[in-house]
Participant: 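Pasting in a structure now, in structure tokens, and then I'll have a few things to ask.
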Amino acid sequence: MRIDRLKRPALALSVLLLSGGAPARAQDTLEAPSAAVAAPVTKAAAAPTGDRIAFKGMTVPRGQRVEGDVVAPFGGVRVDGEVMGSVTVGSGDLVLGPEGTIHGDAVVNGGGKLIDEGGRILGEMRVSGGPSGAPAAERGAG
């Protein structure tokens, strides 16, 4: 079963890398709706669902839950909230905040680092690639 969960992010990353690059966009961020929204927003409507692909990186803020996988082929990911699937970073760092939780695997490719500031990863942790080929993992002072 774990292999099946890894196939989707790996396939999405492959497709994005073969597509010729990412569009020029600012870093994507999942944020709670602003107070200026006219209609009331229920808790269920505010929570992102499904897989998330962010070309230039992404932040999952505290209190936010992503119901699927997170893939960032060209940037880093910071998880302060909860990701119910796996997180795959193509080039950049994966930062796991003190209250961050990843229920699946944490995969960092392309020379980035896995920086753990005290969060939880319930699946496997894999850091690979890089200019020297040596994996990098750090635990923050936390």
Side-chain angles (χ1 to χ4, degrees), residues 1-37 39 41-142:
M1 284 191 192
R2 187 173 299 271
I3 298 299
D4 291 337
R5 287 195 343 221
L6 293 176
K7 286 182 183 177
R8 285 188 302 183
L11 179 61
L13 183 58
S14 299
V15 169
L16 292 172
L17 291 174
L18 293 174
S19 69
R25 291 176 35 181
Q27 184 175 11
D28 292 334
T29 304
L30 291 176
E31 297 180 5
S34 70
V37 176
V41 177
T42 64
K43 186 174 183 179
T49 60
D51 298 340
R52 298 285 173 214
I53 298 175
F55 290 101
K56 296 272 186 175
M58 175 179 191
T59 298
V60 180
R62 189 173 85 182
Q64 197 66 255
R65 174 190 275 189
V66 176
E67 292 293 335
D69 297 329
V70 172
V71 179
F74 303 108
V77 173
R78 179 172 180 91
V79 178
D80 289 316
E82 188 173 17
V83 177
M84 300 307 291
S86 297
V87 177
T88 304
V89 177
S91 67
D93 295 339
L94 170 55
V95 180
L96 185 62
E99 296 181 22
T101 302
I102 299 173
H103 289 265
D105 299 332
V107 180
V108 181
N109 296 310
K113 297 177 189 173
L114 172 61
I115 302 170
D116 183 1
E117 297 176 349
R120 297 182 307 165
I121 300 173
L122 303 178
E124 296 179 15
M125 295 180 283
R126 286 191 301 278
V127 180
S128 63
S132 64
E138 296 180 3
R139 178 169 278 292

Participant: Name all residues meeting the side chain to side chain contact (heavy atoms under 4.5 Å, CB included) criterion together with R120; count only those two or more places apart in sequence or in a different chain, and write none if there are none.
Facilitator: T101
Participant: Which pair of non-hydrogen atoms, one from V66 and one from R52, has the smallest distance, and what is that distance?
Facilitator: CG1-CG, 3.8 Å
Participant: Between D69 and D51, what is the shortest heavy-atom contact and its length?
Facilitator: N-OD1, 2.8 Å
Participant: Could you tell me if the side chain of E117 sits less than 4.5 Å from the side chain of R78, heavy atoms only?
Facilitator: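 Yes, close enough: below the 4.5 Å cut-off.
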Participant: V77 and A72: which non-hydrogen atoms are nearest, and at how many Å?
Facilitator: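 Heavy atoms only, the tightest pair is CG2-CB, 3.5 Å.
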Participant: Starting at CG of L114, measure out to CD1 of I121 and round the result to the nearest 0.5 Å.
Facilitator: 5.0 Å
Participant: Which residue pairs pass the salt bridge (charged side-chain N to carboxylate O under 4.0 Å, His left out) test with at least one member in residues 87-98, sequence neighbours excluded?
Facilitator: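 The answer is none; no pair qualifies.
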Participant: Identify the two heavy atoms, one from E124 and one from D105, that lie closest to each other, and give their separation to 0.1 Å.
Facilitator: N-OD1, 2.7 Å
Participant: Kindly indicate whether the side chain of I102, heavy atoms from C-beta on, has any atom under 4.5 Å from the side chain of L94.
Facilitator: yes
Participant: Taking all atoms of both residues into account, what is the closest heavy-atom pair of V108 and G92, and its distance?
Facilitator: CG1-O, 3.7 Å
Participant: With a 4.5 Å heavy-atom cut-off, do V107 and N109 have their side chains touching?
Facilitator: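 The answer is yes; the side chains approach within 4.5 Å.
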Participant: Could you pull out the closest heavy-atom pair between V83 and S86, with the gap in Å?
Facilitator: CG1-O, 4.1 Å
Participant: Determine whether L96 and V87 make a side-chain contact, defined as any pair of heavy atoms from C-beta on separated by less than 4.5 Å.
Facilitator: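 Sidechains of V87 and L96: no contact.
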Participant: Answer yes or no: does atom CE of M84 have more than 12 heavy-atom neighbours from other residues, nucleotides or ligands under 6.0 Å?
Facilitator: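 Buried by this count: over 12 neighbours within 6.0 Å.
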